[in-house]
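One structure below.
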Amino acid sequence: MVHVYGPHIFHTDNERVWQYINRYGEMMSYVNRVKAVSKGRVYSLPINLHTINQFFGKTLSPGEARAFLESQADLSIESPETFEEQAMRFVGRALYEAFFEGYTRKQWGVPPSELPASILKRLPVRFNYDDNYFSHRYQGMPRDGYTRIVEAILDHPGIEVRLKTRYDSAMRQGADHVFWTGPLDAWFGFNLGRLGYRTLDFETLRCDGDLQGTAVINYCDADVPYTRISEHKYFSPWELHEKSIAYREYSRLCGENDIPYYPIRLVKDKVLLEQYIEQARRERGVTFVGRLATYRYLDMDVTIKEALEVADAAKAALQNGGGLEAFYVNPMG
Ligand code: UDP
């Protein structure tokens, strides 16, 4: 089982989302434990007590580590707005430079001082030895892969799938409503310009035996061109494989013919986004839903949660006899 679009670990706190995904495939228990290479050494991620002790060569207790990081942090930053300020405020310069600065420049193509603090807030800092990358109640990996799950969701008498078919507005004829999950700017034919995305390139590595001995290792130094290596067989530890396939992951600016992965959301993208949202608000008979159509850095579980809410609202609109013509949900807020 290969994660062809990069590592996807399912994690959520939302009971409804967890029940939903479990209806379509068996979720195996899985805990994401990531390692990070910085300046030729391997550390535990997210930053936890082990990382702090490894990095500073200490044997601190939780309380001592908390006090120590406070001594490293820039407490004068009261409400961090940028990625860099968030890092300086909570972990200090040494850990920031070792784990975040280089990786983030490679991943986003800009210095962390130009990125929002929200990107770093995805990662916890822990003062114990818990090295689980996520803090959610439910975490798992589909036994037969995400492709089987999506196939099972689409296996419904009301759904017809047409692959390799580009949307064109003539298809709207005869439809009561469109739920658009493609890129927001694509719906409007890019009439205001293009929203910025990062795309990924994967270089495949194959070997006999083990390549790196775990699912994900991040490469935090700026002079290593890739961001991480994923060794796919470790995402399904219930299977046994004698050979191994791994992906080296490279991030770059998304061109017109590339697959958009991460919305960049820098200031200039946000200005354009506002303008597209204005246009979207004026549209009738279309609902914009999902990561691309709302141009947000959404995880799988949030995407599913919002899709279920949109479906609830559509159902309610139909039941109230209002018809879908009057139904418009704008999850971009
Ligand atoms: N990040 C970092 N160093 C790491 C891991 C993450 O600087 O070793 C930063 C980076 O900017 C990244 C963000 O934290 O984009 C969020 O990381 P996450 O692992 O959630 O990214 P994803 O798996 O969604 O690509």
Side-chain angles (χ1 to χ4, degrees), residues 3-12 30-39 41-48 50-52 54-55 80 82-88 90-126 131-136 139 141 146 196-202 212 214-230 232 235 247-254 259-266 291-292 296-303:
H3 288 217
V4 289
Y5 298 101
H8 280 72
I9 297 98
F10 200 90
H11 53 99
T12 188
Y30 184 85
V31 179
N32 192 28
R33 300 185 200 281
V34 175
K35 300 286 176 272
V37 171
S38 175
K39 312 242 167 12
R41 304 183 71 136
V42 185
Y43 299 94
S44 170
L45 262 200
I47 291 179
N48 63 73
H50 203 176
T51 325
I52 297 166
Q54 283 172 320
F55 186 78
T82 69
F83 185 112
E84 185 175 52
E85 284 172 359
Q86 176 76 11
M88 290 303 185
F90 290 100
V91 300
R93 180 168 299 279
L95 289 171
Y96 163 67
E97 288 179 353
F99 296 110
F100 300 129
E101 193 186 21
Y103 187 102
T104 297
R105 271 177 192 272
K106 291 189 289 185
Q107 172 69 16
W108 296 98
V110 291
S113 55
E114 292 177 26
L115 289 164
S118 58
I119 296 182
L120 182 55
K121 286 182 191 161
R122 292 169 58 85
L123 309 186
V125 175
R126 299 212 186 90
D131 62 351
N132 186 344
Y133 202 71
F134 303 116
S135 307
H136 283 148
Q139 188 172 167
M141 199 58 94
Y146 292 101
Y197 278 96
R198 300 295 287 176
T199 191
L200 301 174
D201 294 319
F202 298 102
Q212 64 178 10
T214 193
V216 180
I217 300 187
N218 289 356
Y219 287 82
C220 301
D221 298 326
D223 56 3
V224 176
Y226 42 90
T227 51
R228 55 188 172 187
I229 299 180
S230 301
H232 296 279
F235 290 122
Y247 277 5
R248 266 192 196 137
E249 189 171 325
Y250 299 80
S251 170
R252 65 177 165 82
L253 193 64
C254 185
I259 301 173
Y261 281 80
Y262 295 88
I264 304 180
R265 296 181 72 99
L266 293 182
R291 180 156 164 159
L292 295 173
R296 285 174 304 157
Y297 188 177
L298 298 182
D299 285 337
M300 291 183 281
D301 63 323
V302 183
T303 312

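Start at 1 with the first residue, then count along the sequence. For ligands, and for the atoms within them, numbers begin at 1 and follow the listed sequence. No hydrogens, no waters, no symmetry mates; every other heavy atom, side chains included, goes into these values.
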R122 charged N/C atom sitting above F134 aromatic ring, 6.0 Å / 45°: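 No - R122 does not lie over the ring of F134 by the 6.0 Å and 45° rule.
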In the protein, what heavy atom is nearest to [atom], and what distance, to one decimal place, separates them?
{"atom": "atom 18 (P) of ligand 1", "answer": "Y133 OH, 3.7 Å"}
{"atom": "atom 25 (O) of ligand 1", "answer": "Y262 OH, 2.5 Å"}
{"atom": "atom 24 (O) of ligand 1", "answer": "Y297 OH, 2.6 Å"}
{"atom": "atom 5 (C) of ligand 1", "answer": "N218 ND2, 3.3 Å"}
{"atom": "atom 20 (O) of ligand 1", "answer": "R122 NE, 2.8 Å"}
{"atom": "atom 3 (N) of ligand 1", "answer": "F99 O, 2.9 Å"}
{"atom": "atom 13 (C) of ligand 1", "answer": "I119 CG2, 3.6 Å"}

Side-chain donor-acceptor pair present, T303, R291, cut-off under 3.5 Å: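 Checked: T303/R291 side chains show no N/O donor-acceptor pair below 3.5 Å.
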Please report the interatomic distance [atom1]([X]) to [atom2]([Y]), rounded to the nearest 0.5 Å.
{"X": "Y297", "Y": "S118", "atom1": "OH", "atom2": "OG", "value": "9.5 Å"}
{"X": "T199", "Y": "Y250", "atom1": "OG1", "atom2": "OH", "value": "14.5 Å"}
{"X": "Y261", "Y": "D201", "atom1": "OH", "atom2": "CG", "value": "8.5 Å"}
{"X": "K106", "Y": "D223", "atom1": "NZ", "atom2": "CG", "value": "7.5 Å"}

What do we get for [X] next to ligand 1 when only non-hydrogen atoms under 4.0 Å count, side chain, backbone, both or neither?
{"X": "W108", "answer": "side chain"}
{"X": "R228", "answer": "side chain"}
{"X": "L45", "answer": "side chain"}
{"X": "P112", "answer": "neither"}

Side chain H3, main chain H8, donor-acceptor under 3.5 Å: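 Pair found, side chain donor or acceptor close to backbone of H8.
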Any side-chain to backbone donor/acceptor pair from R228 onto G6? Under 3.5 Å, distance only. no
Can you tell me if A36 has a non-hydrogen atom under 4.0 Å from ligand 1? no
Any nitrogen or oxygen of L123 lying under 3.5 Å from a nitrogen or oxygen in ligand 1? Just yes or no. no
For C220, atoms of ligand 1 separated by under 4.0 Å from a heavy atom: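 It comes down to these atoms of ligand 1: 8 (O).
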Give the numbers and elements of all ligand 1 atoms closer than 4.0 Å to a heavy atom of Q107. 15 (O)
Side chain proximity check, F90 to L120, heavy atoms < 4.5 angstrom: no
Using heavy-atom distances only, which candidate in F83, Y219, Y103, Y43 approaches atom 2 (C) of ligand 1 most closely? Y103
Please state which option from D299, T104, V37 has its nearest heavy atom closest to atom 11 (O) of ligand 1.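 When every heavy atom of D299, T104, V37 is considered, T104 comes closest to atom 11 (O) of ligand 1.
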Determine, using ring centers only, whether F99 and Y43 are less than 6.0 Å apart.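 Yes, the ring centres sit under 6.0 Å apart.
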Side chain to side chain contact (heavy atoms under 4.5 Å, CB included), paired with K35, selected from V216, I229, N218, D131: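 Going through the options one by one, the only one that passes is D131.
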